[in-house]
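One structure is given here, and the rest of the page talks about it.
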There are 2 protein chains.
Amino acid sequence: MLISTKGDYGVRALIDLAKHEGEGPVQRADIARRRQVPESYLDHLLAQLRRDGFIRSTRGPGGGHELARSPADVRLLDVLESLEGSLAPIGCVADVTDSGQESLCGQRWVWQGIYENMRERLSGVTLAELVEHERDHERDAAVNYSI
Amino acid sequence: MLISTKGDYGVRALIDLAKHEGEGPVQRADIARRRQVPESYLDHLLAQLRRDGFIRSTRGPGGGHELARSPADVRLLDVLESLEGSLAPIGCVADVTDSGQESLCGQRWVWQGIYENMRERLSGVTLAELVEHERDHERDAAVNYSI
DNA sequence: TGTATTCCCGACTAAATCACTCGACATTGT
DNA sequence: ACAATGTCGAGTGATTTAGTCGGGAATACA
Ligand code: FES
Ligand code: FES
């Protein structure tokens with residue numbers, strides 16, 4: 001499994017923040033409830049996202065978390081690499097994007113290609129798009145229900 | 001990490017068998033030495049590959065392992081799914097390829113796409129191609145060395 | 001000043017998975 | 001018979017996953 005709950009939950013949290021942008025800080029407890037993430041676990045993920053500059057947090061009553069940048073400027077790739085570390089599908093293609101030594105193992109080129117394609121796709125998706133997608137889906141569900 | 005040593009070593013072993021096709025059974029010890037895999041570990045991987053019909057094994061002196069099918073008919077995807085189980089990059093897209101319930105999590109569609117692309121690529125690569133690639137690389141190395 | 005609210009941080013843990021090893025056993029060629 | 005080979009399952013130490021817990025720090029407000 002390339003993506004664990006760290007990455008999944010973390011992205012869920014950012015989607016939640018993006019959805020409530022401009023409404024002031026959003027509290028951990030609200031994110032946890034809406035996105036079905038254990039609150040005390042979410043805590044660690046928010047800490048990581050703060051360390052890497054994705055969110056700003058304020059304490060005290062009325063405090064909470066907000067995006068540090070516009071949702072359109074936050075790439076899914078960067079979020080996931082912050083939370084999960086390298087997204088390499090196999091150890092040997094981790095960082096070394098240079099094709100210096102094809103080396104020993106005859107299947108490495110296949111994974112290089114897959115990795116690059118994956119990173120490209122993840123680069124092309126922003127928080128803004130994820131939120132839009134979600135809204136579209138909600139609207140569809142509402143229509144289906146009303147019928 | 002999507003692919004562990006199981007998948008990597010297992011494919012290495014099959015590449016070795018493909019390279020020595022038609023020369024009679026290849027022994028575990030030879031594969032292990034040539035491909036840098038612990039012999040007693042390789043044992044388990046060969047067992048799995050046998051269960052799923054990729055290789056045939058014979059005991060006794062002069063025994064060993066051979067491919068059960070032509071290298072051109074063995075897709076990398078099938079080998080890896082035999083050794084690793086599902087190659088889904090995230091749990092929720094494991095088997096359910098049907099897009100029945102987009103459900104809760106707003107990033108699932110991204111991973112669906114990545115998963116499908118990955119499976120397509122892995123479907124398009126056969127053992128025969130891996131061997132050819134390896135031979136090409138060996139030839140290049142020889143040329144470079146001779147200069 | 002006191003108190004409630006919220007985030008911050010590190011320690012701890014149970015369960016699962018990984019990457020193997022080891023030993024007993026089965027089969028086969030000479 | 002015996003040596004060479006594969007077959008099988010149990011066991012193991014290290015690492016990762018998916019959390020929990022508790023104490024502390026900052027802030028708003030009365
Ligand atoms: S060692 Fe990287 S693909 Fe085999
Ligand atoms: S639950 Fe599958 S992508 Fe979030």
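Below, read A as the first sequence line, B as the second, and so on, with proteins coming before strands; counting in each chain starts at 1. Because the structure is predicted, anything quoted here is derived from the model rather than measured.
- By the salt bridge (Lys or Arg N to Asp or Glu O under 4.0 Å) test, B:K19 is found to be paired with B:E134, B:E138, residues two or more places apart in sequence or in another chain being considered.
- Side-chain atoms of A:L83 and A:I3, non-hydrogen and from C-beta on, never get closer than 4.5 Å to each other.
- With contacts defined as side-chain heavy-atom distances shorter than 4.5 Å, the pair A:R12/A:D8 qualifies.
- A search for side-chain hydrogen bond (donor to acceptor under 3.5 Å, both in side chains) contacts involving A:E84 returns A:S4, not counting sequence neighbours.
- Here A:D52 pairs with A:Q48, A:S82 under the side-chain hydrogen bond (donor to acceptor under 3.5 Å, both in side chains) rule; sequence neighbours left out.
- The footprint of chain B on DNA chain C, defined by a heavy-atom cutoff below 4.0 Å, extends from C:dC18 to C:dG29.
- With sequence neighbours excluded, the residues satisfying ring-ring contact (aromatic ring centres under 6.0 Å, His included) with B:Y9 are B:Y41.
- Chain A approaches DNA chain D within less than 4.0 angstrom (heavy atoms of the protein), and the contacting nucleotides run 5' to 3' from D:dT17 to D:dA28.
- For DNA chain D, the neighbouring residues in residues 3-29 of chain A, judged by any heavy atom under 4.0 Å, are A:S4, A:T5, A:K6, A:Y9.
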Which atom pairs, one a donor and one an acceptor, fall under 3.5 Å between side chains of residues 56-64 of chain B and the rest of the protein, sequence neighbours left out?
| unit_1 | atom_1 | unit_2 | atom_2 | d |
| --- | --- | --- | --- | --- |
| B:R56 | NH2 | B:L67 | O | 3.4 |
| B:S57 | OG | B:R50 | NE | 3.1 |
| B:S57 | OG | B:H65 | ND1 | 2.7 |

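- Between B:L77 and B:L87 the shortest side-chain heavy-atom distance falls below 4.5 Å.
- Taking A:R34 as the reference, A:D16 meet the salt bridge (Lys or Arg N to Asp or Glu O under 4.0 Å) condition, with sequence neighbours excluded.
- For A:R135, the side-chain hydrogen bond (donor to acceptor under 3.5 Å, both in side chains) test picks out no residue, with sequence neighbours left out.
- Residue-to-nucleotide proximity on DNA chain C shows that, of A:G60 and B:G60, the 5′-proximal contact is made by A:G60.
- Counting heavy atoms from C-beta outward, B:L45 and B:K6 have side chains that approach closer than 4.5 Å.
- Under the side-chain hydrogen bond (donor to acceptor under 3.5 Å, both in side chains) criterion, A:E81 pairs with A:R119, sequence neighbours left out.
- Heavy-atom distances under 4.0 Å link DNA chain C to B:S40, B:Y41, B:H44, B:R59 of residues 40-59 of chain B, given in residue order.
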